[in-house]
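Reviewing the structure listed below.
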Amino acid sequence: MFKDIFRRTKYVTIQSAPAPKRTTAVGTRQEPKTVKKELPDGLWVKCPKCGEVLFIKDLEENARVCTTCFYHFRISGRARLALLADENSFEEWDSEILTLDPLEFPGYEEKLLEAQEKAGMIEGVLTGRAMIEGVPVVLAFNEANFMMGSMGSVVGEKIARAVERAIDLRLPVVIFSTSGGARMQEGILSLYQMAKTSAALGRLAANHLLYISVLTDPTFGGVTASYASLGDILIAEPNALIGFTGPRVIKQTMRQELPAGAQTAEFNQMHGLIDLIVERAQMRSTLARLLRYHQEGVQHGATV
Amino acid sequence: MFKDIFRRTKYVTIQSAPAPKRTTAVGTRQEPKTVKKELPDGLWVKCPKCGEVLFIKDLEENARVCTTCFYHFRISGRARLALLADENSFEEWDSEILTLDPLEFPGYEEKLLEAQEKAGMIEGVLTGRAMIEGVPVVLAFNEANFMMGSMGSVVGEKIARAVERAIDLRLPVVIFSTSGGARMQEGILSLYQMAKTSAALGRLAANHLLYISVLTDPTFGGVTASYASLGDILIAEPNALIGFTGPRVIKQTMRQELPAGAQTAEFNQMHGLIDLIVERAQMRSTLARLLRYHQEGVQHGATV
Amino acid sequence: MAQLFEFEKPIIELERKIAELQKFSAEKDIDLSREVETLEKKVSLLKKEIYGNLEPWQKVQIARHPERPNFYDYAPLLFDDFIELKGDRLYADDQAIAGGMALFRGVPVTVVAQVKGKDTKENIKRNFGMPHPEGYRKALRLMDQAEKFGRPILTFIDTPGAACDLAAEERGQGEAIARCLLAMSGYHVPVISTVIGEGGSGGALALGVGNVILMLENSFYSVIAPESCASILWKDTSKAKEAAAALKFTAQDLLKLGVADEVIREPQGGAHYNSRQTADELSAVIAKYLVRLRTESPEALQEKRYQKLRAIGPFQEKSI
Amino acid sequence: MAQLFEFEKPIIELERKIAELQKFSAEKDIDLSREVETLEKKVSLLKKEIYGNLEPWQKVQIARHPERPNFYDYAPLLFDDFIELKGDRLYADDQAIAGGMALFRGVPVTVVAQVKGKDTKENIKRNFGMPHPEGYRKALRLMDQAEKFGRPILTFIDTPGAACDLAAEERGQGEAIARCLLAMSGYHVPVISTVIGEGGSGGALALGVGNVILMLENSFYSVIAPESCASILWKDTSKAKEAAAALKFTAQDLLKLGVADEVIREPQGGAHYNSRQTADELSAVIAKYLVRLRTESPEALQEKRYQKLRAIGPFQEKSI
Ligand SMILES: [Zn+2]
Ligand SMILES: [Zn+2]
């Protein structure tokens with residue numbers, strides 16, 4: 001059983017830890033409506049990989065992973081949090097920072113309202129602290145339902161604050177990325193959020209604190225080119241698409257046909273860019289193990 | 001004239017500095033017989049690149065660079081020193097460290113005697129301090145005539161000492177490499193000279209002191225995989241062959257035909273491994289410029 | 001003669017008329033000096049009118065002008081000495097980024113710049129100024145060395161964006177850019193970033209984490225190319241002009257938004273009308289800031305750069 | 001049954017005879033227990049004789065035995081937990097080097113190891129244990145992280161040498177190895193390097209800059225492969241046996257030369273006869289040194305490692 005993990009080359013699968021508890025995130029100021037929001041119309045959905053028709057109830061109960069082929073469907077930040085954090089351990093931070101429209105960009109205010117309605121949150125990232133298997137950690141989750149996880153000034157600010165607070169608290173940071181990139185509607189201000197978040201992570205690193213970046217489907221553009229790539233450890237979910245330039249743009253501008261499997265987590269790992277590919281069911285236990293390795297002042301029953 | 005250097009992509013050629021003075025290295029304890037030793041039989045030699053027949057006297061007067069095609073012939077360490085250092089500025093270090101035969105390796109003692117005879121020095125590296133255009137610097141030169149510049153315990157020791165003394169004196173270091181690699185006859189002891197020299201250079205770097213590595217024909221094996229590759233700035237002479245594994249070994253063991261020009265200085269630069277390719281005639285002035293950029297506490301007529 | 005833009009044609013027509021008048025005057029020996037003078041005044045006014053009120057889209061055209069001076073044009077005008085250093089020590093030497101050491105008004109500095117080509121051949125060599133990961137890794141290597149030796153860093157931004165091909169993806173374009181951002185934000189030496197042409201997205205930002213961010217008058221610096229923005233917003237790339245206005249990416253916009261610290265004057269009509277004059281303006285403004293930054297402690301340089309980044313991007317916070 | 005060497009055949013023949021005798025004894029119901037006992041004693045003596053006096057060339061054969069345990073065999077036996085981490089973040093994940101984090105007797109450590117394959121297919125995947133630059137850069141990345149987080153580093157050496165093909169040259173094999181040497185020499189955490197099989201030249205040394213250098217009894221660690229040495233010295237690769245003796249590269253030689261700190265016992269005949277037993281010996285010896293090193297200050301760890309390197313290689317100095 002234990003031996004298996006040395007031989008499997010593709011994914012790390014750990015049987016030693018208990019199955020993830022489906023905890024409910026509490027201590028938050030908003031109702032976690034997001035899981036409901038994700039349900040497509042009707043009672044079933046077709047798996048894009050194996051074609052199997054899945055009952056949505058079964059899919060949700062399996063953390064939105066295909067029960068047949070283990071294809072990983074997208075999942076909201078709050079649903080992830082529920083899969084990862086110890087019960088009642090989450091404390092949300094900075095939930096009340098509101099986005100402005102500094103460029104008075106055409107249609108931005110309407111887009112924001114739409115996104116808030118769709119995602120059930122006022123901006124595209126959820127931050128706070130929690131425990132994972134008893135280990136305290138600072139967490140951030142990009143929200144795909146909010147303007148495709150794009151990074152505007154508030155997303156940048158919330159991530160920078162979370163990282164700075166982790167330094168104050170001497171805690172590790174885990175960020176789950178999912179993003180189309182920078183947020184066009186905030187122009188250059190959005191672009192510089194890449195620098196802002198990277199700068200904060202630079203300070204975290206200078207403080208010898210751990211940062212684990214988890215890349216989920218899809219992670220592109222300005223987020224890939226900033227905090228998502230700066231983890232001490234980079235984890236990806238299976239079949240997640242990860243890259244700098246989106247495949248459609250590469251095809252259009254370069255007239256270059258991408259090979260099958262390009263920009264998948266597995267492609268990125270082959271090219272040396274990802275440490276670990278971890279299935280959603282093992283994410284909690286894997287993070288717990290990695291966090292424990294880095295816990296300061298904690299003895300692991302050392303006999304050496 | 002000055003503009004040229006911005007447009008030339010291959011070599012940096014600097015006309016602004018005066019032509020290198022052919023100084024004689026003094027303050028050394030041995031007669032510099034080496035230049036004489038390098039002369040092949042007869043009065044002329046054929047250029048391996050352009051085929052031109054060159055009078056040896058002309059070749060020597062041109063610092064052993066083909067007067068027709070600028071092909072760079074090999075040149076002894078002492079001859080290089082004479083081309084580089086300010087007159088009477090060289091102080092040789094550690095010239096009396098003798099090599100032992102710790103493995104009692106078959107034929108090693110005879111090989112050493114032969115090499116000493118051929119190179120006119122007791123080991124394969126020349127170290128010391130000098131001035132280049134008035135800037136003080138620690139210098140080391142591998143000697144191709146001494147067992148193909150191979151690195152035994154004494155070569156490692158002399159380089160490590162030179163680097164350590166540079167730290168004490170807060171001086172920059174310039175090492176001219178030419179080597180077939182580690183010295184087989186000293187086995188594992190030779191191998192660890194790679195670690196010893198790299199460790200010393202690590203301390204130099206930690207002291208924020210400049211190290212310029214100049215790679216000359218040929219530089220391979222253990223020297224490429226240690227101090228020769230660790231310069232803040234890597235300079236190569238034109239047409240120098242530089243690599244880890246020698247071309248003959250690659251061909252034999254991998255049955256791989258190398259493309260034309262593989263492992264030349266130019267090939268290495270194309271692959272991102274060399275900062276500058278500098279012709280021998282410009283070496284002195286280029287080093288002087290680079291050293292001046294790094295001189296501590298010296299004002300360059302700054303108006304800013 | 002530089003390639004002309006549509007909006008410059010009234011000026012050129014008037015100038016042609018003056019030339020005709022002068023020729024006629026000379027041939028016929030008739031004094032038309034007052035008429036010529038009047039017309040010249042008119043040209044001068046027209047230039048001020050046109051060049052002084054360029055729309056964002058017109059600035060984009062100037063910034064992208066094929067004859068716009070690039071880094072290699074400015075280097076000999078800005079520096080007393082320049083030694084180009086090549087390669088990332090890992091994979092290749094990317095010619096879309098140039099770097100090295102220079103003497104700027106007697107001060108040794110490290111210089112890193114994106115470089116577009118001037119003709120098709122050079123553009124192919126330089127990938128149209130779009131760096132691959134090896135370019136950013138070369139920049140990082142050289143900037144790290146500047147930090148090691150306590151040298152100020154000058155960066156020059158001029159790129160449509162980072163390379164967007166499969167090779168760039170394979171070698172970690174995102175990682176390469178991100179590493180530049182992290183490293184630059186932490187340096188203890190002065191960093192001055194100047195946009196000299198096109199500042200295209202993350203590929204430009206990778207050299208843009210300065211204590212001071214300067215922009216040439218007709219440069220722009222944007223999160224996305226106006227054409228792509230138009231295509232996303234209105235499914236119509238021909239609306240790039242509208243997008244250019246919406247994105248607020250001109251030097252003047254960035255000054256207002258608190259991202260740029262100063263706008264550097266260009267000769268009338270753009271830098272390509274006089275690269276020496278542009279270089280002189282560049283030199284003077286860079287020198288002004290470098291003097292200031294050199295009085296700061298290493299810790300202050302890092303801290304102030306960090307605080308500058310932290311302050312970019314407004315938001316509203318509910319009091320709880 | 002493991003592949004047998006020529007020098008093991010007398011043992012096997014004797015063991016076969018004992019088996020025959022026992023079979024005969026059982027079939028015919030004749031008591032031959034005293035004869036069997038005598039022969040078994042003889043086998044035991046013969047084993048001591050043969051395995052206790054292996055020549056360097058025979059050790060080379062054992063070290064290269066296709067069934068010799070590799071890092072992946074030892075890892076689950078040595079560690080309570082192991083998470084493999086991949087990639088150099090630049091170009092590729094080289095499978096000739098494995099690395100990651102592990103719990104060693106409760107202590108979090110970073111582990112880096114060269115890995116040969118066990119069959120042709122795996123050997124192709126792992127390039128016969130010959131790492132490319134990306135392998136060394138992965139190792140460097142992981143070791144740098146260990147330094148960042150103050151974790152001890154355990155390296156396991158098992159390679160015929162670094163990859164020696166054009167691709168390795170193109171991507172800077174020399175630079176990649178040299179960076180490992182420089183970085184390892186400067187770490188402030190305990191570094192323990194263990195040669196578990198073949199220690200081939202610079203490609204092995206890249207993981208060999210430890211505070212402590214350990215060697216399995218039948219491993220060897222050489223500046224050059226004996227075959228290549230024979231080819232250079234005597235233009236005759238068949239004289240590898242003589243070269244093996246001349247190069248003084250066995251664990252016992254390195255102990256005498258002051259390079260290795262301790263030789264770790266293997267089961268009689270070699271590690272491949274009992275990988276669990278070998279792992280237990282490995283674990284005990286590594287633990288012994290790790291205990292000692294963990295009492296040292298970061299500065300002392302660096303300084304002592306430096307002094308250890310500085311002391312390798314004898315010479316004679318004329319008094320002036
Ligand atoms: Zn499926
Ligand atoms: Zn010639």
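Labels below follow one simple rule: chain letters A, B, ... track the order of the sequence lines, proteins then strands, and each chain is numbered from 1.
Of the two parts of Leu90(C), only the backbone, made up of N, CA, C and O, holds a non-hydrogen atom closer than 4.5 Å to a non-hydrogen atom of chain B. Gln145(C) touches chain B through its side chain: at least one heavy atom from C-beta onward sits under 4.5 Å away, while N, CA, C and O do not. Heavy atoms of Ile274(B) lying under 4.5 Å from chain C belong exclusively to its backbone. At a 4.5 Å heavy-atom cutoff, Ile235(B) makes no contact with chain C through either its backbone or its side chain. Contact of Arg151(C) with chain B is made through the side chain alone, with heavy-atom distances under 4.5 Å.
Pairing each heavy atom of Phe82(C) with each of Tyr293(B), the nearest pair is N-OH, 4.0 Å. In this structure, Ser229(B) and Arg89(C) approach most closely via the heavy-atom pair O-NH1, 4.5 Å.
Residue Leu276(B) holds its CG atom at 8.5 Å from CD of Glu84(C), rounded to the nearest 0.5 Å. For the atom pair CG (Asp232(B)) and CG (Leu142(C)), the distance works out to 11.0 Å, reported to the nearest 0.5 Å. Taken from CG in Leu103(C) to CZ in Arg289(B), the straight-line distance is 9.0 Å, to the nearest 0.5 Å. To the nearest 0.5 Å, the span separating CG on Asp81(C) from CZ on Arg292(B) amounts to 9.0 Å. Taking CG from Leu85(C) and CG from Leu234(B), the interatomic distance works out to 10.0 Å, rounded to the nearest 0.5 Å. To the nearest 0.5 Å, the span separating CE on Met270(B) from NZ on Lys86(C) amounts to 12.0 Å.
With His208(B) contributing its side chain and Phe149(C) its backbone, the two residues share no donor-acceptor pair below 3.5 Å.
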- Task: Kindly determine whether Met101(C) and Ile233(B) satisfy side chain to side chain contact (heavy atoms under 4.5 Å, CB included), including the steps that lead there.
- Result: CA-CA 11 Å; Met101(C) 275 183 290; Ile233(B) 299 167; 3.6 Å; yes
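Ion pair Arg141(C)/Asp275(B) flagged as a salt bridge, since at least one NZ, NE, NH1 or NH2 atom sits closer than 4.0 Å to an Asp/Glu carboxylate oxygen.
The neighbour count for Arg292(C) CZ, taken as heavy atoms of other residues, nucleotides or ligands under 6.0 Å away, is above 12. The local environment of CZ in Arg64(C) is crowded, with over 12 non-hydrogen atoms from other residues, nucleotides or ligands closer than 6.0 Å.
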